[in-house]
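Everything below concerns the one structure shown next.
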Amino acid sequence: MTTRHLGLLKPVHVHPFIARCNPFVNSSFFCTCKTSNRIVLEISSLLEGCSQLNHLKQIHSKLLVYGLQHNSQLWTRTATSYVSFACIDSANLLFERTLNPSSFLWNIMIRGFATQGRFFLSLKLYAKMLHSGLRPDKFAFPFALKSCAGLSDLQMGKQIHQHLISFACSTDVFVNAALVDMYTKCGNVETARLVFDKMRIRDLVSWTSMISGYAHNSYNIETLEFFDLMRGSMVKPNRVSLLSVMLACGNLGVLRKGEWFHNYSIQAGFQSDILVATAVMDMYAKCGSLDLGRFLFDQTVGKDVVCWSAMIANYGIHGQGREAIGLFTQMVEAGVNPNHVTFTSLLSACSHSGLLGEGQRYFELMSKEFRIWPELKHYACMVDLLGRAGKLFEAEKLIENMPVEPDSSIWGSLLGACRIYGNLDLAERVAGKIFNLNPTHAGYHVLLSNIYAAKSRWNEVEKVREMMAGKGTNKIQGFSMIEFNNHVYIFGVGDRSHPQSDNIYALLEELAASMRQLGYVPSTNFVLHDIEDEAKEVALSYHSERLAIAFGIINTVPGTPIRITKNLRICGDCHSAIKFISKIVNRVIIVRDIHRFHHFKDGMCSCGDYW
DNA sequence: ATAGGGTTAG
């Protein structure tokens, strides 16, 4: 004779409630008690306090066994608990089997999908709820708006804005913060500001939504101004508000201001907060102080994948690819799993430093070993990497064989490589594809025209210029920034608005003379580069970066580094000129352009003339 | 019974 354990009798780690409703113990328990309020309340509180998914599943199955799924309170509670365990699909199964879901349950589901990043489904549910005749309430709108923000769907966002006005929710603090957030995430900062200005009550999150919206849309000065305004309104900043100002300081490259906020964050007690620490470290690196960034990085306890990735990325943009790789190895050894951003940072670091073999190895490794499948941005890094190494044919093959559809930026990388290697045939073909995908991007037109100019094909240069005028390309004005005396000085090309202009221009002329003696020859190939299209050598010498540098030489202490931030790529002629300037005035000149850092010192640049 | 703003790359 054999005996078999039934399993159901003595489950391990089962909650007392489950033990009590075990059918072998008391099968009539639920049948007799299911209408009892006391029991419903008891189960409800069990569901609420349920701290393990396993327990929740057990309670759920018991509810089914005893036919309690018709008790809407328990059923809703179960769905809610599934959402809090991020099991949105299990919750959705319950939801779909619910006859007339309450507003509460609808809201829970809309929230669940929104917080899981499944924005489309979340909005679909919102629409279904409206369709079913229920009035959306002040709890529904923040989640629905979050989904619009996640999708950058401005049209839908505007519609929901209309809805919330008609359903009388337009004075709710939460709803308004979500509106501000939605508008800024859809890139509509001005409308966000209108909403913000109309708010009667503004709490910390309202302010932070606006500040963060400014920061993420590169309204950097406004970010800093709003932070001061918030403090002036007696709202005390927290860690999240600090992240935005750090981001803005990094964007602007304002080291002193950044130091001030760093100090502030220490005094406010956020020194060991991993988010703030990462933002501070990143700020220093983005202001050109890579070493200080590294120092803080080393001091940070409990570094997560974001912190590691940020440091790897910073080594990359400073042209220290080997350091980036070393850090990546340390990160893996420390047991932190890299993600897709880590690999973007690592591959772009390899590309900036010309580490072809290493880049190719990590590109392979990312899917083989780390199970991360390359996305468009990873392919973009690889095209850059191959292009820099002069492997234009391989780069083109890679693009053609990618499993993802290439966009204009991928082809743009290849076009950049064509400029460096003077490959006109390929450039023309690639430009054709780019202009199909993105007809009004000024930068690619300029790039093509520079390629023609380098071959003295002036007719074609003129044609590209006409093409740009005909299509009305989105021309971006180049400018350079320098921080001095708690101000940011912003120079455009040929800018004469600064009171010290006479001195600045005189210094540049003086420098030009010394540069020529040292062998500098202006390269007019770059007249169109950087979209600052003055066609003469004179214009070259008054590019915004040179004005900012001259300002720096005049006003800062001799021997100290000069830090410049530029909103576009530095032009080839300026790059060569600044090398000479660094030697003549014996200063370290750190220029951050849209792409990377250039540390000019003693006639050389850290980028090795590739950028 | 439900709530919001968040660091990394391109």
query = Taking atom P of B/dT7 as reference, at what distance in whole Å does atom CG of A/Asn339 sit?
reply =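 In whole Å, B/dT7 P and A/Asn339 CG are 14 Å from each other.
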
ask   = How long is the line joining CG of A/Asp384 and C1' of B/dA9, in whole Å?
value =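 Computing the A/Asp384:CG to B/dA9:C1' distance gives 13 Å.
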
Please determine whether a side-chain nitrogen or oxygen atom of [X] lies at a distance below 4.0 Å from atom OP1 or OP2 of [N].
X	N	answer
A/Lys185	B/dG6	yes
A/His378	B/dA9	no
A/Arg77	B/dA1	no
A/Ser212	B/dG6	yes

query = Considering only heavy atoms, which members of residues 303-326 of chain A lie under 4.0 Å from some atom of DNA chain B?
reply =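 Result for residues 303-326 of chain A: A/Val306, A/Ser309, A/Ala310, A/Ala313, sorted by number.
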
So, do [X] and [Y] have ring centers that fall under 6.0 Å from each other?
X	Y	answer
A/Trp207	A/Phe196	yes
A/Trp106	A/Phe95	yes
A/His163	A/Phe141	no

request  = Could you tell me how the ring of A/His441 sits relative to the ring of A/Tyr444: parallel (under 30°), tilted (30 to 60°) or perpendicular (over 60°)?
outcome  =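 Ring orientation of A/His441 relative to A/Tyr444: parallel.
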
inquiry  = If we check side chain to side chain donor-acceptor pair (under 3.5 Å) with A/Tyr183, which of these qualifies: A/Glu190, A/His161, A/Arg193?
reply    =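 When A/Glu190, A/His161, A/Arg193 are each tested with A/Tyr183, the side chain to side chain donor-acceptor pair (under 3.5 Å) holds only for A/His161.
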
query = If we require ring centres under 5.5 Å and near-parallel planes under 30°, does A/Phe104 stack on B/dA1?
reply =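 The ring of A/Phe104 is stacked on B/dA1.
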
message = With a 3.5 Å cut-off and heavy atoms only, can you find an N or O donor on one side and an acceptor on the other between the side chain of A/Asn176 and the base of B/dG4?
response =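 A donor-acceptor contact between them is absent.
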
request  = Can you sort out the partners of A/Ser272 under side-chain contact (heavy atoms from CB on, under 4.5 Å), two or more places apart, ordered by chain and number?
outcome  =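 Testing A/Ser272 for side-chain contact (heavy atoms from CB on, under 4.5 Å), a comparison that skips the adjacent residues, returns none.
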
key: Closest to the A/Arg239 side chain, choosing from B/dT2, B/dG10, B/dG6   =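 Of the options given, the side chain of A/Arg239 lies nearest B/dG6.
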
